[in-house]
Structures are given as C-alpha cells and as structure tokens.
Amino acid sequence: MPVPKKHSPAMQEKYLPSEIEQAAQAHWNTTQAFRAIEDAGSPNPRPKYYCLSMFPYPSGKLHMGHVRNYTIGDVLSRYHRMRGFNVMQPMGWDAFGLPAENAAMQNNVPPAKWTWDNIAYMKQQLQSLGFAIDWKRELATCAPDYYQWNQWLFLRMLEKGIAYKKTQVVNWDPVDQTVLANEQVIEGRGWRTGAEVEKREIPGYYLAITKYADELLSALDTLPGWPERVKTMQANWIGRSTGVRFAFPYELDGKQEKLWVFTTRADTIMGVTFCAVAAEHPLATHAAKHNPKLAAFIDECKHGSVMEADMATMEKKGMPTGIFVDHPLTDDKVEVWVGNYVLMSYGEGAVMAVPAHDERDFEFAKKYGLAIKQVVAVEGETFSLDGWQEWYADKQRGRCVNSGKYDGLGLEDATAAIAADLAARGLGATQVQYRLRDWGVSRQRYWGCPIPLIHCDGDGTAAGCGTVPVPDEQLPVRLPEDCVPDGSGNPLAKRADFVDCACPRCGKPARREIDTMDTFVDSSWYYARFCAPDASAMVDARTNYWMPVDQYIGGIEHAILHLLSSRFWTKVMRDLGLVNYDEPFANLLTQGMVLNHIFSRRNDRGGIEYFAPDEVELQRDEGGHVVGATSKADGQPVDDGGVGTMSKSKRNGVDPQSLIDEFGADTARFFMMFASPPEQTLEWSDSGVEGAYRFLRRVWAFGHASQTAVAAQPPMPAELPEQLAAVRREIHLLLKQANYDLAKFQFNTVASAAMKMLNSLEKAPRHAGHGAVITEGFGILLRLLSPITPHLCHALWIELGYGDDIIKAPWPEPVAAALVQDEEELVLQVNGKHRGSIRVRVGADRTAIEAIALGSEAALKFMESKSAKKVVVVPGRLVNIVV
RNA sequence: GCCCGGAUGGUGAAACUGGUAGACACAAGGGACUUAAAAUCCCUCGGCCGCAAGCCAUGCGGGUUCGAUUCCCGCUCCGGGCACCA
C-alpha cells in the first residue's frame, strides 16, 4: 500500500485549487480508495451501502443537473464511508438514444463514434470533480457485453409470454417516411420537415407490465424510503379501478355481436344515450364502408399526434355511424358514434356515454344535440341543461333517479345491483382495470439494442417458420457501429450484412428484425449489472450482496417511467430466479431539476430551432427585467420560452467546465450544495459562485494561520473562559444540527453550518484554551465539510497533522459536555405578539418560568394591567401570556 | 385536460415537522487599508416612519389556533410527468 503523499513541509499560503485537487485525486487513485469489494465473508463485515446516481446520457458535456445529481450522491457516499459503511458508488453510461442519431445527421459522424467520444470527455469531467467512484465497475449500455443481456432476458420474457407482439400506433412523418418520437412532433408537425404528422399502425413488441400491476401498486407500501409524492404518482399512473365491463348487444349482417365497454360509473347506466368508439374500432371501419363522409372523418381522426396531452386538450369531435346497439338492461336502441377522443389502445376502444354525469360526454352531447338524461340526483341541487355543474359527477352524495328499480341507491349499491343484473343476462361482470398499459419496446431506430428475432418468410414454395428467436449461443446480435442515419428511417434496413441471415430453425434465407429496443430497457437493470460488471451471466451472487440500492438519486422527471420500468424488470428477474430481492431501490432521493431559460425560433419549414443562452443577447428595461432577446449571430429576435429543465434538445444546458476551470471542483460542488435543498428546482444563475470560492479561501487561510496551534495538539482544559466556552458550545450545537440536516439530505444548511463554524472560530478570543478550541473545532469543520469539498479538506487534514487520510477519519459527534449551559433565553409573547425576552435557569419548572415572565418589564407594559387569562409555556422556546 | 410538486427581501434561501420570519450567503451602498487596483476587513441592507416606539409583511382570499411560512378550504401563477427525450 503506497504511503499517502504529503505536501511540501512549507504549506502554501494561497489556496490553489487545481494543485490541491490534482494531488488529492492522485492520492485516491494510487490508494484505490474507492474500490468497492464485497466483504460479506470477513469476520466483521461492515454494513454495505450501495449509493447510485442515475447514470448520464453521454450528450457531450456534463451539465449542471449532472453536477448537482452526482455531488449529492458523492456527499452521501463519502459521509457513509466515514460512518463505517462499505460503500459502492459506480458510474456508467446510458449510451443508446436519439440525440446520437441527430448528431450523426448534423455532423455526418456515426452515432457510435460520437457516443464513445462523448463518454471519454465526460468521464474526464467526472474525474476532475473528484467523485468517489469505483471506476472499475464502469459500463456503457451500447457495449455488446451489456446489451446482450437485454436480448437474453427479452427471449426469456418471450418464452414466458411476458413479451408479445401486437400493433402499435406511431407518429409518422410522411415526408421523411419515418417514425417520429413524441418530442420530434411540434404542434402536430414533424420537427425537421414541418409536415403534418399522421398516426400509423405498425407491428411491435410489448412487455406485459400489466401482469405485475397489482404487485407494483401494493409493493409501494414496502418502500418507506421513497418520497410520498413519487409513490402517489406511481399509484395514480397504475390507476387501479374497480368497475364493470359489459356489452351492448347488436345484430350486424345477420350476426349477433357485442360492443364491449368498461365503466367505473355503472350506477349511471340508465342514463346512457349513446356510445362512442375509436376511429380504429371494427364497428367504425364497418360503418365507414358505405359512408364516405364517415370514412373521411375517420381519416381525419387518424391525423395528429398520439400524445395523451394532445388528445386531452384537442377539440372533441364525433360522427354517428348509423349503427344502433341495444341497451343491455332496457333494450332501448343506442346509437354508436365515432369519437376522436376515444383511444383504441385504451380498454375496449369504446365507451358508454352518459352526458348527464360525465363532463366530456355532457359537452359532446350539447355540441351534437344528443339526449341528456339525468339519472343521479343530489338533495338540494337542481339539474339543469344550461351548464355543467360539479355535483353531476358526485360519487358520494349522488342517488339514482329515473332508473327504475335502482332508484334511491348510492354508487356502491347501484353498481353492485347493476353488475348482478348484467351478469344474469350474460352481458357483463365486475372487473378490476388498470390505467397502466403494457410497455411497447419496439423502436424504429438504429442506435439501440437490436431485438433478437429473425423473420423466416419462406421461399415461395414453402411457408416459412415465421418469427424465430435468435438462439442464445448466437447472442449478442451485434449492432453495426458504422451506420450514419439520415433521418429517412432506420439505416439498418439498408444493411444487407445485418438483415440477411439464415433461419435458425430451417436454415433457409431469412431477415433479421431491424427494430431496436426502447432505451428504457437499458436503464431498467444497469444498477444490477454494476454489482457484477464482468459476470459471464447477466448477474451473479455479488448482485445479491449489493442489492437493493441503498440510496438512489436522480431527477424527479423519472418519477414514473424509469422507476416503474426498473421495478417491473426487477420482478421479472426475480421470477426467473436471477435475483433474490423484490424491489431495486430501497431509498430514493428525487432531486429537483436545474432550470434555465429556453430560447427558440420557428424556422422557415415550420420546425423549431433552439438557441443556447450564450448565443442570445437579452434586452432589459430600466428595472433590469428581461423584455426580449435577440440572436447574437444574426441580431434577429428570438422567443423567450420561459424557464425549463436543462436539456440537450432545448439547448439550454450550462456547461460546468468553465466554473471548474476558474474556481476548481470544490467550489462547484460547494455552490451546488449550498444553492438550495436537493429536492427543490434550481433556476440557474452564475452569481453566488464567487461567494463559495471566497469561503473556501477563508477556510484555507484559517488553516494556514492555525498550523502551529493545531500542530501542538493542545488538550481541552477542564474549564474554559466563558467566551471560549460559548464558541465551543456553538460549534457542537452547529454539528448537532448539521448531523440532523444530513439525515434529512438538507445539504444547503450543512454548508451553512460549516460557514457559521468558520465565522465562530475566526472570532474566538485568544484566551487560554484558544488553541484547544480551534484545534477541536477546525477538526470538526474539516470532517463536516469533507463530503462536500473533499480535496480542500484532504489537503488541510494532512497539512495540519490531523491524520494521514481524512476519508478514514471517524465522523464527528457533538460532545454533551460542550453543550451544557446554565441559563437560556425564552421569547416573551403577549397575545401571541413578540414583546421581548426573559432569561431563565435551564430546567426551571413551569411555575418559576411563569413568575419570571409575569414579572418582566415587557409583560407589565403590554398586559396593560389586565390579568393573564392563560400562560402558554413552551420549554426552551417561549412564554405566551394571553390577557 | 389529467396526475404530482412549488411560490418567503433586489437574489439564492433559513425557520429544529404549529412557537422570535428572513439564519447563512449573493448583489447593492458606505467606510478602513493601499500611490492605485485587486484581495482582505468593518458597517448598513423587507416595507411604512427623520430615529425610536409601533404598525404592516411569507403568491391571493377565507378558516382553525393563545400563536400559522408550517394545518384546512377556495383560487392565481410557475415547474415536472402524461407512455417514442432521457
């Protein structure tokens, strides 16, 4: 083991961050300080602490969100290491994805090269920030030895029926002849071509996450370490609801058919006045055969975006099909409409419409003059067709009316009675339904993990074998790394060397699947691979040692999709016997987003062009408020789109590199932690960085000035002069509070506490015992600060002779003896208003405190000689006299 | 539109899960040191009011409480998610 390298005997007077940081990083490197080894077998195993930050997409440079995210993770890692945990903090690359293809189009560089270059640069950036990462565990999802296990597990899912094929609806750009991602659709048009986007149905593969819906929902209760809001979001997303699935029978071409719908409001079934089906529904297709107007309308519905937000806000339109179905309980004729707001992929692709008690149906009925029949009443309220009122849909107070035998029943009783009657007629039953839909994993893109399937179509004389899985021994299906996408679809289609293959079953010529997997697949299990990055299987025993992740840290924007798909993936791996845990992330910290201004301009093709903040000049009024912006390049105005999350596609990221270059990693880290609590959004601004730098310089200066005092290692005297005792007491109080704040992840006040400690130490009077107080106090300060600014603290710890290596020092705890005091100050209130303060002996009883309070000058003045009705005493805090 | 958050001085924020609103900083202004600048140090810094006393003040409007930034109800604005950005 190399001996830690000390600085030259003469300590630098000036704070030189780059020198200090390089030396500290070299030390950690040579000592392999952050190499994490499983120690379950050792006689005294330390508790393990797997600290994981969401791995970055290698977009080119780190951005502020990364610095924030990884500093939080690093603070927690270093803190737990000093607390005696066996800490593992890995890092890797979420390396497949769309931006690489966009960059390829722009620069004519293959996505693979672009991605690997970015990884190299960003790795060096991460290393310069001094994160306590075990780099031996690094992985990239675009490497075949990683993604082969995506393929392998996909095949297992296929065998178990969890993966299956069905059609999916995608955004189609008719000009580029390509599938667009949602973010590439801007106001219904393709971002590059400006062409109106169409919906298109194509085949794709799905993972049956709904099979796990119940467990994904109920297991949220086993995650006390998750923020409540994230669990609420996931629960709402899964959206378990109990309702009734039932059918409207009808006759078509002489055949008896059934139109199935699902509703959570079966109690309103007697108020059904029409049904609505999706444009893609078979009934719509049938009706359109002889109705050109309807066919045109259906065609219109198929234009536009597939996004739920767009569906929800667009104008609700419909057209009757002329087909009537029978009401399942009354046998009344009910007309079927096609509605643009009904989604084929949701439930049955058809809904019953009860205009009187559903706001959307109400508006639709008013617009098209359809019947509205009130079947629920609330006492004291009068139903009117003039406008929608909230109580029309009231589930608690509503009672059935105009509903025959169900009149007078509330929601639950009515639903039960109606479900029973429907069941008796063979037309329906109670059913649990989820809002959660199965996970479509096929992407018509190049830069992703190939789906390991082969299509054997036959040779004209004989039928082929159909879709055949690639045999395990032929995995991985390697993605060619030299393609350059041009925006006109998947370049793999043109690669005969990739597409052409032999059918594994019959040996005849066949085609390889060219769709790749959703990149969420890559990120759904990387945390497990970090535990055993070189395993010859997907995971091994080391995974069960480290998992679950003890602390997961990442942006709140991942609250649903990434975190839910990871939970699902874990459960699939468990059910395949690969791992022994149920949930991947025991504790979750969702950091707020780092926001910045978004500047954009519409280009001449109708697409949108984004401007980076440093490419824009701001116009301000006299008050300093921003009133407009122009491009520095051409002087023409650009739109200020408000603030939003820093993202590659919106080009509003800020590169932290200049900050690191100018002030050093410690300043960048300190500022990020000090600026605001981790869970809160942070609107980026450059100011404040100087203040952080100034503070670190003061820490260094104080250390330099205290060298001799600390080197003497003076013992703490039994009695300290009062002012010094006060300084010592404050240090320990601040430490107590800081330890409490650390447990709450409130790093901004921990940073404040360090600043307050320095303020206090600097003001400590030079009485007998000064050396002992500052030696102890500065030692506390350095250890408290070391997870945030590890380089500075590493250097000072050695320079002042506290020890060889601060990361091996124990975490400081407040000393009870330092905290004692004889008297304390209580706030005095009269009628809840702050009127002064009183001093009382610590531990004084209530009557003594009351007496002092009532006798105080301030109390006499503000009580205006009235007598006290009540005296509220809050120990250690305040006294409130109510008159 | 639906689901989840947030809002406190000129700015970032704090207030120990109902108890002194604005800790700690940034910016600004004033001063010291200096030939000068940088750096450093000291002072002021929510509003009304000459000071003080006092009053007002935590997005807006109500409520509960001796006491509300904190809890409840109703809004406004901002951010995140809405299934192909990651």
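Numbered from 1 within each chain, the chains take letters A, B, ... in sequence-line order. When reading the values below, keep in mind they use all heavy atoms of this one structure, side chains included, and skip hydrogens, waters and symmetry mates.
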Fill in: Distance between P atoms of U17(B) and U40(B) (Å, rounded)
36 Å
Practice prompt. Just call it for Val871(A): base, sugar-phosphate, or nothing, with non-hydrogen atoms closer than 4.0 Å on any strand.
Written response: nothing
Fill in: Residues Glu315(A), Lys367(A): salt bridge by 4.0 Å N-O rule
yes
Worksheet item: What nucleic acid atoms does Arg360(A) come within less than 4.0 Å of, heavy atoms only: base, sugar-phosphate, or nothing?
Response: nothing
Practice prompt. Report the nucleotide, chosen from C82(B), C85(B), A13(B), that has the shortest atom-to-atom distance to any side-chain atom of Leu98(A).
Written response: C85(B)
Item to complete: Any chance you could list the contact pattern along nucleotides 21-27 of chain B? Use B for base contacts, S for sugar-phosphate-only contacts and - for none, protein heavy atoms under 4.0 Å, 5' to 3'.
Response: --BBSSS
Practice prompt. Identify which nucleotide among U40(B), C66(B), C4(B) has an atom closest to any side-chain atom of Lys870(A), counting heavy atoms from C-beta outward.
Written response: C66(B)
Worksheet item: Who passes ring-ring contact (aromatic ring centres under 6.0 Å, His included) against Tyr341(A), sequence neighbours left out?
Response: Phe364(A)
Item to complete: Assign the ring pair His562(A) / Phe520(A) to parallel, tilted or perpendicular, where the plane angle (0 to 90°) is split at 30° and 60°.
Response: parallel
Worksheet item: From the list U40(B), A86(B), G1(B), which nucleotide is the closest neighbour of the side chain of Thr313(A)?
Response: G1(B)
Worksheet item: When you measure from the side chain of Gln746(A), which nucleotide among A14(B), A83(B), G80(B) comes out closest?
Response: A14(B)
Worksheet item: What stem regions, each of at least 3 consecutive Watson-Crick or G-U pairs below 3.5 Å, can be found for RNA chain B?
Response: B:1-7 with B:76-82, B:10-12 with B:24-26, B:28-32 with B:40-44, B:46-48 with B:54-56, B:59-63 with B:71-75
Item to complete: For A25(B) versus A13(B), give the span between their C1' atoms, rounded off to a whole number of Å.
Response: 8 Å
Worksheet entry | Interatomic distance at P, G59(B) relative to U70(B), whole Å | 8 Å
Worksheet item: For the side chain of Ile560(A), counting heavy atoms from C-beta on, which of C3(B), G81(B), A13(B) is nearest?
Response: G81(B)
Worksheet item: Can you find an N or O donor on one side and an acceptor on the other, under 3.5 Å apart, linking the side chain of Asn880(A) with the base of C66(B)?
Response: yes
Item to complete: Measure from CD on Gln680(A) to P on A15(B) and round the result to the nearest Å.
Response: 11 Å
Fill in: Side chain of Glu308(A) - closest among C82(B), G19(B), A86(B)
C82(B)
